[in-house]
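Okay, so here's the structure we're looking at.
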Amino acid sequence: MKFRTFFPVFIFLFFSLLLVGTTIFYAPSWGLMDDAKQLVDSSRIWAGNNVVEDLSNSINQGVYYMPFSVIWRLVTFRIFRNLPLFCYILIILQNMFGIFLWGLVLHKVFAGKKKDFLLNVFIFPLSLFLSTSFWNIFNYITLQEKFIFLFSAISIYFIKRYLDAEKTKYLLVSLLFTILTVLSKPTGVYIVLVYIIYSCLLAARGDRRRLVALLLITHICLLFSYILIIIGYRGNGYALGYNLSLIAIVNNFMNAPLVIKLLFVIAAFMIFYIIYKVDKEKRFSLEAVFIPLGFLCYIAVLLPWGIISYHTSATATYVMGMFFPIYSYFNEKSRLARVAVNCLILFLLLFTFLYIIKPRISRVADVKKAVIFLKDFSVTHTGRYFFPPPFVESAYSLSILSGLPVKYINNGILSVDMLGPGVRNFIIFDYQDRSIDLIGVQADKEVYRNDNWRIYEIKESKDSKIRLAVKFKENLFENSIGEAYYSIY
């Protein structure tokens with residue numbers, strides 16, 4: 001096997017095994033997002049007398065309408081209840097397969113050169129890890145964006161096959177995975193919008209009218225069917241904050257991070273550029289608009305709610321995909337340019353692994369250490385435990401996992417009247433929850449510490465108000481550029 005053939009495949013497999021090996025080494029357990037809730041729901045439903053009815057109620061009473069994700073969670077948490085490590089490994093394998101599929105998609109829609117096929121499919125897609133929000137779909141078991149990421153790739157791949165061959169079987173396969181994308185989480189409806197807008201572009205050009213009509217009709221019907229389902233569905237919790245008023249959407253866009261606004265402008269410009277090149281130079285196929293259009297539609301679907309970092313996880317494919325033509329340009333320019341651009345990607349990938357990916361795997365693993373300490377500590381130290389904002393899910397999950405009544409401090413203020421009478425009181429911090437206002441109390445003694453957790457005993461104080469801010473160990477990248485980027489994107 002030639003080195004040029006072997007090297008891209010080797011790098012892809014090596015990095016996949018590196019992720020699996022690092023995960024096995026740290027052995028993370030259940031996390032603090034929604035894992036505990038899913039453990040409770042899974043146990044309740046499978047222990048019930050009517051699994052189908054309880055499952056249906058779980059789907060219809062959720063925060064979102066996402067039947068596929070709900071079923072996947074219930075089955076997965078049933079199978080891996082005592083083996084969460086295998087859940088993480090399964091997610092890694094699923095996502096790496098998704099990365100490979102996105103490599104195929106980018107190669108096809110941008111009409112990549114045949115000689116660059118392996119580089120396009122196995123090396124460039126690894127650049128998705130450079131978008132730090134992307135790692136969320138590996139790090140959090142319950143995050144549904146991993147299905148949007150996977151099913152969108154399969155859907156686009158087969159819609160491209162349909163557009164090339166005009167065989168209805170490819171359209172049907174694409175529709176199946178489009179439906180699965182939408183049923184994974186409501187934000188998955190963005191892919192339907194992509195196809196409808198693309199169909200309108202084809203129609204405006206007067207191309208392939210029968211194909212356009214079939215493509216447009218099927219996806220408009222799918223969109224309206226989904227809208228009718230959502231209208232009849234009543235979500236709860238923070239999903240009710242989805243505000244479709246124009247004022248709310250404009251305000252959310254204006255308040256979005258600068259990087260999102262810049263990418264929005266780049267994506268819009270790229271669509272016009274692709275259309276121009278298709279008409280004038282025949283350089284691209286029109287399907288290349290799927291990439292910038294995918295980003296625009298995804299952000300448009302999020303805007304009524306607002307831009308939350310982990311919700312943008314699935315946009316990494318479109319963000320990095322917009323740089324694919326630049327990557328192809330250097331691959332074609334010269335041998336030196338080809339070596340340089342691929343070495344740059346691999347260097348940045350190694351840097352990201354060392355300073356972003358590995359620390360985050362370690363952080364998830366430290367949840368288990370904190371839970372074990374709390375269980376052991378509570379045997380000899382009866383008390384009341386408090387958890388600061390901003391994540392109420394973390395307090396609930398920690399309470400379920402440790403078996404202790406962890407109280408969430410909603411307003412970020414812990415006052416003396418909240419302390420439990422006749423018992424010891426403790427405040428718990430993890431790396432995401434770092435500060436709180438203390439009124440009439442103070443942190444008296446640190447009872448637990450590791451890189452990502454602190455637990456302090458709280459006692460009465462004469463001071464009227466103290467701001468307790470906890471510092472955690474961070475590498476230079478996280479403490480400056482990386483953490484700032486992570487917080488906004």
### Query
Taking C-beta and beyond as the side chain, do W135 and R360 meet within less than 4.5 Å on heavy atoms?
yes
### Message
Between N331 and N342, is there a side-chain donor-acceptor contact under 3.5 Å, judged purely by atom types and distance?
### Response
yes
### From E145 atom CD to T315 atom OG1, the distance as rounded to the nearest 0.5 Å
9.5 Å
### Message
Any non-hydrogen side-chain atom of L150 less than 4.5 Å from a side-chain atom of N95?
### Response
no
### Query
So do the side chains of F373 and I455 get within less than 4.5 Å of each other, counting heavy atoms only?
yes
### Summary
Heavy-atom closest pair (S435 atom, A469 atom, distance to 0.1 Å) is CB-CA, 4.0 Å
### Message
What I'd like to find out is whether the side chain of L374 reaches to under 4.5 Å of the side chain of I428, using heavy atoms alone.
### Response
yes
### Query
To the nearest 0.5 Å, what is the distance between CG (D34) and CD1 (I141)?
11.0 Å
### Message
Donor-acceptor check, side chain of Y88 to backbone of S29, threshold 3.5 angstrom: yes or no?
### Response
yes
### Within 6.0 angstrom of K261 NZ, more than 12 heavy atoms from elsewhere
yes
#### Entry: Minimum heavy-atom distance P325-G321, with the two atoms named
CD-O, 3.8 Å
### Message
If we count only N and O atoms by modelled type, under 3.5 Å, do the side chains of Y448 and N450 hold a donor and an acceptor together?
### Response
yes
### Query
Which heavy atom of L101 sits nearest a heavy atom of I154, and at what distance?
CD1-CG1, 3.5 Å
### Query
At what distance, to the nearest 0.5 angstrom, does OH of Y140 lie from NZ of K146?
12.5 Å
### Task
Taking all heavy atoms of A36 and all of S397, pick out the closest pair and write down the distance.
CB-CA, 3.4 Å
### Task
Please test I99 against F134 for side-chain contact (heavy atoms from CB on, under 4.5 Å), starting from the C-alpha separation and ending with a verdict.
CA-CA 11 Å; I99 289 173; F134 178 63; 3.9 Å; yes
### Message
Is it the case that the side chains of Y385 and S402 hold a donor-acceptor pair, with the cut-off being a distance below 3.5 Å and no angle test?
### Response
no
### Task
Decide yes or no for I413 and I439: does some side-chain heavy atom of the first lie under 4.5 Å from some side-chain heavy atom of the second?
yes
### Query
Would K160 and V105 count as a side-chain contact (heavy atoms from CB on, under 4.5 Å) if you check the C-alpha gap in whole Å, the side-chain angles of each, and the deciding distance to 0.1 Å?
CA-CA 8 Å; K160 173 62 175 168; V105 168; over 6 Å; no
### Task
Kindly give the heavy-atom pair with the smallest separation between V182 and G188, and that separation in Å.
CG2-O, 3.8 Å
### Task
Could you check if a side-chain atom of T317 sits within less than 4.5 angstrom of a side-chain atom of F295, using non-hydrogen atoms only?
no
### Query
Atom CD1 of I357 and atom CG of L19: how far apart are they, to the nearest 0.5 Å?
5.5 Å
### Query
Strictly by modelled atom types, are Y190 and Y318 linked by a side-chain donor-acceptor pair under 3.5 Å?
yes
#### Entry: Residues F387, D430; criterion side-chain contact (heavy atoms from CB on, under 4.5 Å); working and verdict
CA-CA 9 Å; F387 200 91; D430 78 344; 4.2 Å; yes
### Message
Rounded at 0.5 Å granularity, tell me how far CG in L438 sits from CE in M418.
### Response
10.5 Å
### Carboxylate-amine/guanidinium contact R338 D116, below 4.0 Å
yes
#### Entry: Main-chain N/O of F124 paired with S127 side-chain donor or acceptor, under 3.5 Å
yes
### Mutual orientation of the aromatic rings belonging to F177 and F158 [parallel < 30°, tilted 30-60°, perpendicular > 60°]
parallel
### Side-chain heavy-atom pair I156, I191 within 4.5 angstrom cut-off
yes
### Summary
In short, I345 meets I123 closest at the heavy-atom pair CG2-O, 4.2 Å
### Task
Could you grab the distance from atom CG of L414 to atom CD1 of I409, nearest 0.5 Å is fine?
4.5 Å
### Query
Does atom CG of L262 have more than 12 heavy-atom neighbours from other groups under 6.0 Å away?
yes
### Donor-acceptor pair, side chain of T352 and main chain of L348, under 3.5 angstrom
yes
### Message
Looking at S285 and V109, would you say the former's side chain and the latter's main chain have a donor-acceptor pair under 3.5 Å?
### Response
yes
### Query
Can you say whether the rings of Y327 and F324 are parallel (under 30°), tilted (30 to 60°) or perpendicular (over 60°)?
tilted
### Task
Could you check whether the rings of Y456 and F429 sit parallel, tilted or perpendicular, using 30° and 60° as the cut-offs?
perpendicular
### Query
Are R363 and D366 ion-paired here, with the side-chain N under 4.0 Å from a carboxylate O?
no
#### Entry: I307 and its side-chain contact (heavy atoms from CB on, under 4.5 Å) partner, picked from N252, V259, N255, I299
I299
### Task
Spell out, as yes or no, whether a donor-acceptor pair under 3.5 Å connects the side chain of S174 to the backbone of S155.
yes
### Task
Report yes if the side chains of L18 and F353 come closer than 4.5 Å at any heavy-atom pair, otherwise no.
yes
### Sidechain-backbone polar pair: W102 side chain, F149 backbone, donor-acceptor under 3.5 Å
yes
#### Entry: Donor-acceptor pair, side chain of S16 and main chain of F12, under 3.5 angstrom
yes
### side-chain contact (heavy atoms from CB on, under 4.5 Å) between F117 and H107, intermediate numbers included
CA-CA 7 Å; F117 175 78; H107 179 78; 3.5 Å; yes
### Task
Check the pair F138 / F129 against ring pair (Phe, Tyr, Trp, His ring centres under 6.0 Å), numbers first and verdict last.
CA-CA 10 Å; F138 287 79; F129 287 98; 5.3 Å; yes
### Task
Assign the ring pair F351 / Y355 to parallel, tilted or perpendicular, where the plane angle (0 to 90°) is split at 30° and 60°.
tilted
